[in-house]
Amino acid sequence: MESLLVLVGLIVLAIPVTIIVLLVGQARLRRRLALLEQHIQLLSSDAPADLSEPTQTHPEERPNQKTKPAPWSTAKTKAVDAALNDPRTRAAPDPTPPAAVVFREDRLTTLANWLRENWFYAVSALSLAMAGIFLVQYGVDNGLLPPTARVMASLGFGTALIGAGEFIRRRFGDNEETATAYLPSVFSGAGLVTLFGGILAARQLYDLIGPEAALIAMICVALMGLVLGWFHGPLLAAVGLIGAFAAPFVVGGASDDPGWLFGYFFVIAVLGLGIDTVRRWAWISVLTLIGTYSACLLLVMSSPLTEPAYLTCVTALAVIAMAIPVRRVWPDHGGPMITQVLWRKKGEAWPEFPTRLAFGAVAVSSAILALHWPDSAGEFWLSVVLLSGLTLALLLWAKDSTALQDATVLPALGLIWFVLGHGLDNGMTLRLFADTYAETPEADFPWVVTVLAGLGALLSVLAAWRSMQAKAFSAIWAGAAAIYAPMMAIALEVGWHPAKVIGAYPWALHATGLGALMVILAERFARLDGDNRMRPALATLSALSCLSFACVIVLSSAALTIALVAVVVVAAALDRKFILPPMSWFIWAGVFTVTVRLVLNPGLDWADTAPLTEMTLVYATATAGFLSGWILLKPLQRPVAKLLLESAAWATAGILLSLLLLRWLEGFGEGGAKDSHWGLGLLSVIWLLLAYAQVQRFALGGRLTYVRYLLAVFFAGHGLVRLVQALSEANPVINPLSDPVLGPPVLNSLAVAYLLPAVAIAFSAWRIAATPVWLKQASYALAGALSAVWLGLTIRHMWQGAGGMFEGNGVTQAELYTYTMALLTIGAGLFYQSLARQSGVMRKAGLIVIGLAVAKVFLIDIAGLGGLIRVFSLLALGLSLAGLAWLNRWAKLRYASQEAEPLDH
């Protein structure tokens, strides 16, 4: 049985060899036939015949000769290759921009067509490679050969395949015109895979050699493959790469620590990128990285304990993807960046292929490092070191790669996301940090957050250095320097809560230290830039933000709000002193933050329960701060900041007065802000003032216009809801169980509930010049309606008192007569003002009010009044109408040249 198995194995190995022998023989016959045809043609033309074999020339030396299509593009000439790698040549724009995608539809179609016509080459290569790998496994169960002999047989078979490939290439050629095309690549590629498989088996199956010897041997094979790849076509590279990636999984076996295989995959990646950096096929580099990342992922999924080696390997892949394609120890990628594609114009050059390849590798490696879950503190710090190292590599090592500047943001943000996610997910390092003083109060100070914050500061300093060195995008580098360290501190605050462990003041000192660092950067930028204040302004903004962050950590709610207002004033003063236009951004953020604190968090609920002195101090300071900032910026051209500060000052002042009235009325002990008519009226004033503050900011325009619309609707909706509640369920005339009216007639809580909102609405609409016409008219109409309600309720309170406000108590004759006189007085006043101002709208309004008074007298007063009051009511109506008619005619004769118009015109 064993002899039969040996015979079957030899037959299997002989099949591909026989096929190759037949193909070589056919190639010789075709060459001899071509010579005979050439000889016949020469004899027919009476020309001397040259029966020597034609010399092998490269297809590029025959530009006019048509060749059959190959599956991939040929290598570029040395001149073009040198031009692409010359910084002076590469700096010039290419008139024909390269395609942005390697695997394009036309290339995939060409590959499919080639495989359809030449599939047997691929099958032959696969067969030979599998034969070499299975040779080393043959007899494992039966023990026909010792392990050493199996490995040596595999290595010998692989060497023989490479030798056969080289013999065919040198003897018969590997061009598209020859019958032996692709055969050298098939043999040599299968030989490389067989050699890799033999070395893997020696280490992984039989443990004949250690991991160090295995890696050295694989490096030697990879160097051999690198040299072969420079002479052969892309088929060799593809066969060798695919086979090398698949070999560890095909060989099988078990190992206590398979982490050394990541070194093997890394060697294969260097091999693939090294071949392509000379031949410039491009897709070989993409295939190399895809195969390496995929193989590493499969390995770590099958052996999770190898995560540290996996993370190290993917980081190293990003580094070699930056260095090998450009063939530089210090990368110098030129041309446009990847992000510049977003605003690329038609006809401009795309980023070069090495740039796209490096950016993709950095993106994938950064994502893997940032998103993985560390199982231990050591693995956490390994990820931090790798992400920081990749960021430092892009900042320092790749400083000459202008096309990779935007790639720096990937590992940098990945580091912040990793730190934040580890805290939010309650990782091991966070648990160790949180338990520092749980069992031992005298434990040493935990340096975790200090190290991470210091790392953020280091990267900010290096970004500032890049900004000082950069000829372009210096402001962007300065912005990165200004925000990175504070972002790291905020990530620690949100995810780790360091103040709970080390205390509020030590953690606040970290933020203060970052602020001091930003002050130093601002001074450096100011010394370099002179009158250009962009970079100093960015660093100053960061310093103010760090100080604000420190205040958030240590101060109470009231003190924090006051500190934020002070920072806004300081920003305005710095802008006034040093002319720093970007300070408007900080003022905008500061106004927004303070407003949120005054209204929402801790907001109005805190203002209702906090000590009166503390509440007054906070809102008064905010009002004074906004007003001071507006005064400081008034001489400057800062329309946005000034409008924000002005509107915020008006709104905050109105909120302060409303809260003071609210707290004063609550002191009577009857009703409150949630259920009384006066409490609801004051709340409506607060929300309506906020809505009109947004209306005033409509004039700013820009992308936030629709956000302001939504905020205005939101605030106005809250205010109107409170007004409706005050007019309905809290109205003492409608609801007998509502809170009673406080105070004497006229100066009572009814004025707070209804007249004060009317005044606030009318005054805001009048004050804001940019108020839309329809909104201004609607505001005046609403203010007039609320004033009428207040007047009616005040008249009833004057005659009925607080206890008789409910409409079920009826109406007295004096009260009814007062309503009539009030209507006549208001109508007369409107009519007079219409004549004095020549306003048709006011004239019609006055006529409407007088008409209501007439209707009331004839429909209500005549039936409800008696005695002399009825007489006085009719007498007052008649005299008023007569006087108004005379006044109307006198005004028309004096102010108009035309004939007098009828009263009802």
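When a residue number appears, it is its place in the shown sequence, counting from 1. Side chains included, hydrogens not; waters and symmetry mates left out as well; all remaining heavy atoms used.
Two residues are said to be in side-chain contact when any heavy atoms from C-beta on lie closer than 4.5 Å; Thr391 and Leu462 fail this criterion. Using a 4.5 Å cut-off on side-chain heavy atoms (C-beta onward), Val314 and Val364 make no contact. A 4.5 Å side-chain heavy-atom check between Leu404 and Val362 finds every atom pair outside the cut-off. In this structure, the side chains of Trp417 and Leu371 come closer than 4.5 Å at one or more pairs of heavy atoms. Residues Met322 and Ser401 have side chains not in contact (no heavy-atom distance under 4.5 Å, counting atoms from C-beta outward). Using a 4.5 Å cut-off on side-chain heavy atoms (C-beta onward), Trp585 and Leu538 make contact. Between Pro351 and Met337, every side-chain heavy-atom pair lies at or beyond the 4.5 Å cut-off. Looking at heavy atoms from C-beta onward, Tyr310 lies out of side-chain contact with His372 at the 4.5 angstrom threshold.
By the 6.0 Å contact criterion, CE on Met428 is open, its count of non-hydrogen atoms from other residues, nucleotides or ligands being 12 or less.
In this view, Trp381 and Val384, Thr429, Val448, Val451, Leu452 satisfy the side chain to side chain contact (heavy atoms under 4.5 Å, CB included) rule, not counting sequence neighbours. Applying the ring pair (Phe, Tyr, Trp, His ring centres under 6.0 Å) test to Phe525 and every residue at least two apart in sequence or in another chain returns nothing.
Note on ring orientation: taking the six-membered ring where Trp is involved, the planes of Trp496 and His422 are tilted (angle from 30° to 60°). Note: Phe592 and Trp588 have parallel aromatic rings, judged against thresholds of 30 and 60 degrees for the angle between ring planes.
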Apply side-chain hydrogen bond (donor to acceptor under 3.5 Å, both in side chains) to residues Gln405 and Trp477 and explain how you reach the verdict.
CA-CA 9 Å; Gln405 294 180 88; Trp477 278 110; 2.9 Å; yes

Please report the C-alpha distance between Cys296 and Phe266 in whole Å, then the side-chain angles of each, then the deciding distance to 0.1 Å, and finally whether the side chain to side chain contact (heavy atoms under 4.5 Å, CB included) criterion is met.
CA-CA 9 Å; Cys296 291; Phe266 180 75; over 6 Å; no

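When each of Ser548, Ser545, Ser542 is paired with Pro486, the side chain to side chain contact (heavy atoms under 4.5 Å, CB included) condition holds for Ser542 and for no other.
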